[in-house]
**Student:** 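Pasting a structure here, questions to come.
Whatever order the structure lists them in is the order used to number ligands and atoms, beginning at 1.
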Amino acid sequence: MLYINGQWCEAQSKETYPVYNPATGEVVESVSKGGSIDAKKAIEAAQAALKPWSKLTANDRSHYIKNASSILRSRREELAEIITSEMGKPIAEALGEINTACDYLEWYAEEGKRIYGDTVPSSSPTKRIIVMRQPVGVVGAITPWNFPIAMITRKIAPALAAGCTVVIKPAESTPLTAIEVLKAFHEAGVPKGVLNLVHGIPKEIGQEMMKSTDVRKITFTGSTAVGKELARQAADTMKKVSMELGGHAPFIVFEDADLNRAADGLIASKFRNAGQTCVCTNRVYVQKNIADAFAEILTGKMKKLVVGNGKKPGVTIGPLINEQAVAKTKEHIEDSVQKGAKIIYGGKRPEGKEFEAGFFYEPTVLMNATNEMKISSEETFGPVAPIFLFETEEEVIEQANNTPYGLASYFYTNDVSRIFRVSESLEYGIIGINDPLPTTAQAPFGGIKESGIGREGGKYGIEDYLEYKYLSLELNI
Ligand SMILES: NC(=O)c1ccc[n+]([C@@H]2O[C@H](COP(=O)([O-])OP(=O)(O)OC[C@H]3O[C@@H](n4cnc5c(N)ncnc54)[C@H](O)[C@@H]3O)[C@@H](O)[C@H]2O)c1
Ligand SMILES: O=C[C@H](O)CS(=O)(=O)O
């Protein structure tokens, strides 16, 4: 069901579409197929709710956000089942995502109370200058399938805290989780029109958001290709945009690294969500003189990874989201092998009845990767780790930066001076130093170059939902 102006409703067209379980190929549920008319109604509702919502105090707004978060936390187990059913990640990862999603809600429920302004010393003795910050207005939020709850709350939390109202378009593959988020806010008593949900036909819903002069900001998380198209469309009405786009993370293991720790870190970074995260390692650079030792430790540890239905206890690698994702993974492996790479772990779809109906692929490690391979420049978004060898620090920094992406990067070393040399040279928004999982609600998540615009998280993430306004007072003094 769609959620517009505080009401659950069907799409105007009465049409529905099936949501599939990527582990079994079964239909989980059919949902309304929203389109232009539904999106238009949602935008009107958000516009009507904007003034009263923005006039509430930050304290009042924070109560709704915190209450919704408490409701979501109280439903973690049920929610995790829904997430795993519609996008496949193991239950343990789904539970972790729900915690992260609520962390963002609770962080911004408080951050909204710290939207400070300024008084600026005037150059005129009779003038006083006050700088205010006000909500940008109605926000269009478009989110991906790979983190179906966290990518929504990472947007609506700062938006609501800042006094904005929102129309959410979740990924068509994962509407069920989005519905649960709106249920929680509805139960928390959020006023009608403040939050609206329209899932269905991406182009139609997107076009309504982009052409509306009431929508003053678009916040998008997804592929770079779609992000570029939306940014182009946003220019027609000069909307603010936040873009959290694709990545191609390097993972560098220096000779002085703790190899066991680096191997654990690579597994965490590369195979989380079956390799379907924007911050997953896409290239592994290992210093030549420790490469064989590292590869042996890594492949030994990978034996602990278990491929299967994410609902099955002990499974650590669920299915990919669809057949196209499996095809991309296969393409990158086959292309690499044709160009000289060697498969040292995995490299095929798992066999057995339990795997036949799902989009499963074995976690895979390639050795002797080179820049001629597609995997060295295209985002894989699948469970494949290609190992490139390097000799010097200067060489690997040049290699690591040789990409149009700039989201996350990782390196392992125990040399403090190297930590600062390499961190200051890497062209990325996020750098994990001996840390494969840097994402947290307190920090500014986001990328540079073609990985996006803006940040989500920390004190920085609310900036994108605010406008500056200054008052100049001429006084009789
Ligand atoms: N930087 C980040 O925080 C982050 C997080 C998750 C995913 N991603 C990136 O997203 C990609 C995978 O996610 P995906 O497959 O959902 O990406 P996608 O770009 O195909 O879709 C993302 C969202 O955009 C919508 N969409 C697609 N075309 C649209 C259009 N013309 N108008 C309006 N909406 C449209 C989709 O329905 C979905 O809701 C990867 O590149 C990944 O790196 C980035
Ligand atoms: O896929 C992109 C997500 O933003 C990854 S994370 O869970 O935020 O690290």
Side-chain angles (χ1 to χ4, degrees), residues 17 34-36 39 87 89 93-94 96-101 103-104 140-155 167-175 177-178 197-211 218-234 242-249 268-269 272-282 320-322 324-325 328 378-382 405-408 410 428-430 432 435-441 443-457 461:
Y17 72 92
S36 301
M87 63 73 53
K89 68 176 61 173
E93 286 192 28
E97 183 190 345
I98 296 159
N99 286 340
T100 302
D103 288 348
Y104 280 106
I142 301 174
T143 57
W145 51 264
N146 61 342
F147 288 85
I149 184 169
M151 295 303 103
I152 289 179
T153 62
R154 195 155 84 177
K155 296 175 183 304
V167 178
I168 305 161
K169 193 214 77 64
E172 47 278 28
S173 325
T174 54
T177 305
L197 175 70
V198 183
H199 43 72
I201 308 162
K203 271 195 185 302
E204 283 194 22
I205 300 163
Q207 279 167 357
E208 283 305 318
M209 285 183 176
M210 302 317 282
K211 75 183 187 186
I218 291 293
T219 174
F220 171 76
T221 296
S223 62
T224 293
V226 174
K228 286 181 175 179
E229 179 49 34
L230 295 176
R232 287 189 197 99
Q233 293 178 31
S242 294
M243 293 280 156
E244 294 289 350
L245 305 178
H248 205 273
S269 162
R272 176 164 69 112
N273 208 12
Q276 301 170 116
T277 92
C278 56
V279 291
C280 276
T281 291
N282 218 106
L320 303 188
I321 188 69
N322 54 33
Q324 294 85 338
K328 180 77 170 291
E378 295 176 3
E379 184 178 39
T380 306
F381 230 59
Y405 292 105
L407 186 55
Y410 309 91
Y428 291 86
I430 303 164
D435 176 7
L437 302 171
T439 303
T440 181
F445 186 102
I448 61 175
K449 301 199 279 188
E450 298 198 15
S451 286
I453 300 168
R455 293 295 184 270
E456 296 183 321

**Student:** Could you tell me whether E379 and ligand 1 have an N or O pair separated by under 3.5 Å?
**Tutor:** yes
**Student:** Atoms of ligand 1 less than 4.0 Å from E244 heavy atoms?
**Tutor:** 1 (N), 2 (C), 3 (O), 4 (C), 44 (C)
**Student:** Establish, from distance only, whether the side-chain atoms of T221 and K155 form a donor-acceptor pair under 3.5 Å.
**Tutor:**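 Side chains of T221 and K155: pair found under 3.5 Å.
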**Student:** Under the criterion side chain to side chain contact (heavy atoms under 4.5 Å, CB included), I'd like the reasoning laid out for F147 against T100: C-alpha separation, chi angles, the key distance, then a yes or no.
**Tutor:** CA-CA 10 Å; F147 288 85; T100 302; over 6 Å; no
**Student:** Can you pull out the closest protein heavy atom to atom 25 (C) of ligand 1? Residue, atom name and distance to 0.1 Å, please.
**Tutor:** I142 CG2, 3.6 Å
**Student:** Nearest heavy atom to atom 4 (O) of ligand 2 wins, so pick from R272, E244, R154.
**Tutor:**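 The nearest heavy atom belongs to R154.
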**Student:** How far is atom 2 (C) of ligand 2 from the closest protein heavy atom, and which atom is that?
**Tutor:**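 Checking every protein heavy atom, the shortest distance to atom 2 (C) of ligand 2 gives C278 SG, 2.4 Å.
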**Student:** Among the heavy atoms of E97, does any lie under 4.0 Å from an atom of ligand 2?
**Tutor:** no
**Student:** Check whether any protein heavy atom sits under 4.0 Å from atom 21 (O) of ligand 1.
**Tutor:** no
**Student:** Yes or no: does F445 have any heavy atom under 4.0 Å from an atom of ligand 1?
**Tutor:**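 Within the 4.0 Å threshold, so yes.
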**Student:** What are the atoms of ligand 1, with element, lying closer than 4.0 Å to any heavy atom of T221?
**Tutor:** 2 (C), 3 (O), 4 (C), 5 (C), 6 (C), 22 (C), 44 (C)
**Student:** Looking only at protein heavy atoms, which one is nearest to atom 9 (O) of ligand 2, and how far off is it?
**Tutor:**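 The answer is T439 OG1, 2.6 Å.
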**Student:** For E204, is there any backbone N or O sitting under 3.5 Å from a side-chain donor or acceptor partner on Q207?
**Tutor:** no
**Student:** Which residue supplies the protein heavy atom nearest to atom 29 (C) of ligand 1, what is that atom called, and how far is it?
**Tutor:** V226 CG1, 3.7 Å
**Student:** Indicate yes or no for a side-chain donor-acceptor contact from N273 to the backbone of G275 under 3.5 Å, with no hydrogens or angles considered.
**Tutor:** no
**Student:** Can you find an N or O of K169 that's nearer than 3.5 Å to an N or O of ligand 1?
**Tutor:**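 By distance alone, the answer is yes.
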**Student:** May I ask you to say whether R455 pairs ionically with E244, meaning some side-chain N is under 4.0 Å from a carboxylate O?
**Tutor:** no
**Student:** Just to confirm my output: which protein heavy-atom neighbour is closest to atom 35 (C) of ligand 1, and how far is it?
**Tutor:** P202 CB, 3.8 Å
**Student:** Hey, which atoms in ligand 1 end up nearer than 4.0 Å to a heavy atom of R154?
**Tutor:**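 The atoms of ligand 1 under 4.0 Å from a heavy atom of R154 are 3 (O).
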**Student:** Which part of F220 is near ligand 1, with near meaning a heavy atom under 4.0 Å away: side chain, backbone, both or neither?
**Tutor:**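 The side chain, only.
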**Student:** Less than 3.5 Å between some nitrogen or oxygen of F147 and one of ligand 2, yes or no?
**Tutor:** no
**Student:** Given that the side chain starts at C-beta and the backbone is N, CA, C, O, which of these parts of T277 lies under 4.0 Å from ligand 2, counting heavy atoms, or is it both or neither?
**Tutor:**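 The answer is both.
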**Student:** Any idea which heavy atoms bring W145 and M87 closest together, and the distance?
**Tutor:** O-CG, 3.7 Å
**Student:** Is E229 close enough to touch ligand 1? Criterion: a residue heavy atom under 4.0 Å from a ligand atom.
**Tutor:**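 Not so, E229 does not reach ligand 1.
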**Student:** At under 4.0 Å between heavy atoms, which part of N146 makes contact with ligand 1: side chain, backbone, both or neither?
**Tutor:**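 The part of N146 near ligand 1 is the side chain, not the backbone.
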**Student:** How far is atom 38 (C) of ligand 1 from the closest protein heavy atom, and which atom is that?
**Tutor:**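 Result for atom 38 (C) of ligand 1: T143 O, 3.3 Å.
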**Student:** Please identify which atoms of ligand 1 are closer than 4.0 Å to at least one heavy atom of E172.
**Tutor:** 36 (C), 37 (O)
**Student:** N/O of L245 under 3.5 Å from N/O of ligand 1, yes or no?
**Tutor:** yes
**Student:** Verify whether one side chain among T281 and S269 offers a donor that lies under 3.5 Å from an acceptor in the other.
**Tutor:**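 S269 and T281 do have a side-chain donor-acceptor pair below 3.5 Å.
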**Student:** Could you walk me through whether Y405 and T224 pass the side chain to side chain contact (heavy atoms under 4.5 Å, CB included) test, one step at a time?
**Tutor:** CA-CA 9 Å; Y405 292 105; T224 293; 3.4 Å; yes
**Student:** Starting from atom 15 (O) of ligand 1, which protein heavy atom do you reach first, and at what distance in Å?
**Tutor:**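 Protein heavy atom with the smallest distance to atom 15 (O) of ligand 1: W145 NE1, 3.0 Å.
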**Student:** Please work out whether any backbone atom (N, CA, C, O) or any side-chain heavy atom from C-beta onward of L407 is under 4.0 Å from ligand 1, and answer side chain, backbone, both or neither.
**Tutor:** side chain
**Student:** Please determine whether side chain to side chain contact (heavy atoms under 4.5 Å, CB included) holds for the pair R272 and V279, giving the CA-CA distance in whole Å, both sets of side-chain angles, and the decisive distance to 0.1 Å.
**Tutor:** CA-CA 10 Å; R272 176 164 69 112; V279 291; 3.4 Å; yes
**Student:** Check whether F220 forms a cation-pi arrangement with K169 (NZ or CZ under 6.0 Å from the six-membered ring centre, at most 45° off the ring normal).
**Tutor:** no
**Student:** Write out the residue and atom name of the closest protein heavy atom to atom 19 (O) of ligand 1, then the distance separating them to 0.1 Å.
**Tutor:** S223 OG, 2.6 Å
**Student:** What part of N146, side chain from CB on, backbone N/CA/C/O, both or neither, has a heavy atom under 4.0 Å from ligand 2?
**Tutor:** side chain
**Student:** I need the atoms of ligand 1 closer than 4.0 Å to a non-hydrogen atom of G246, numbered in the order shown.
**Tutor:** 41 (O), 43 (O)
**Student:** Check P170 against ligand 1 and report side chain, backbone, both or neither, counting heavy atoms closer than 4.0 Å.
**Tutor:**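 For P170, the contact with ligand 1 is made by the backbone alone.
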**Student:** Taking only heavy atoms of F381, which atoms of ligand 1 are found under 4.0 Å from at least one of them?
**Tutor:**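 Within the 4.0 Å cut-off of F381, ligand 1 contributes 12 (C), 40 (C), 42 (C), 43 (O).
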**Student:** At a 4.0 Å threshold, what atoms of ligand 1 neighbour a non-hydrogen atom of A171?
**Tutor:**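 Answer for ligand 1: 38 (C), 39 (O).
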**Student:** For E208, which part has a heavy atom under 4.0 Å from ligand 1: side chain, backbone, both, or neither?
**Tutor:**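 For E208, there is no contact with ligand 1 at all, from either part.
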**Student:** Which atoms from ligand 1 have a heavy atom of C278 less than 4.0 Å away?
**Tutor:** 1 (N), 2 (C), 3 (O), 4 (C), 5 (C), 8 (N), 43 (O), 44 (C)
**Student:** Which residue and atom name correspond to the protein heavy atom nearest atom 10 (O) of ligand 1, and how close is it?
**Tutor:**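 Here the closest protein heavy atom is G222 C, 2.9 Å.
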**Student:** Are any of the N or O atoms of T277 closer than 3.5 Å to those of ligand 1?
**Tutor:** no
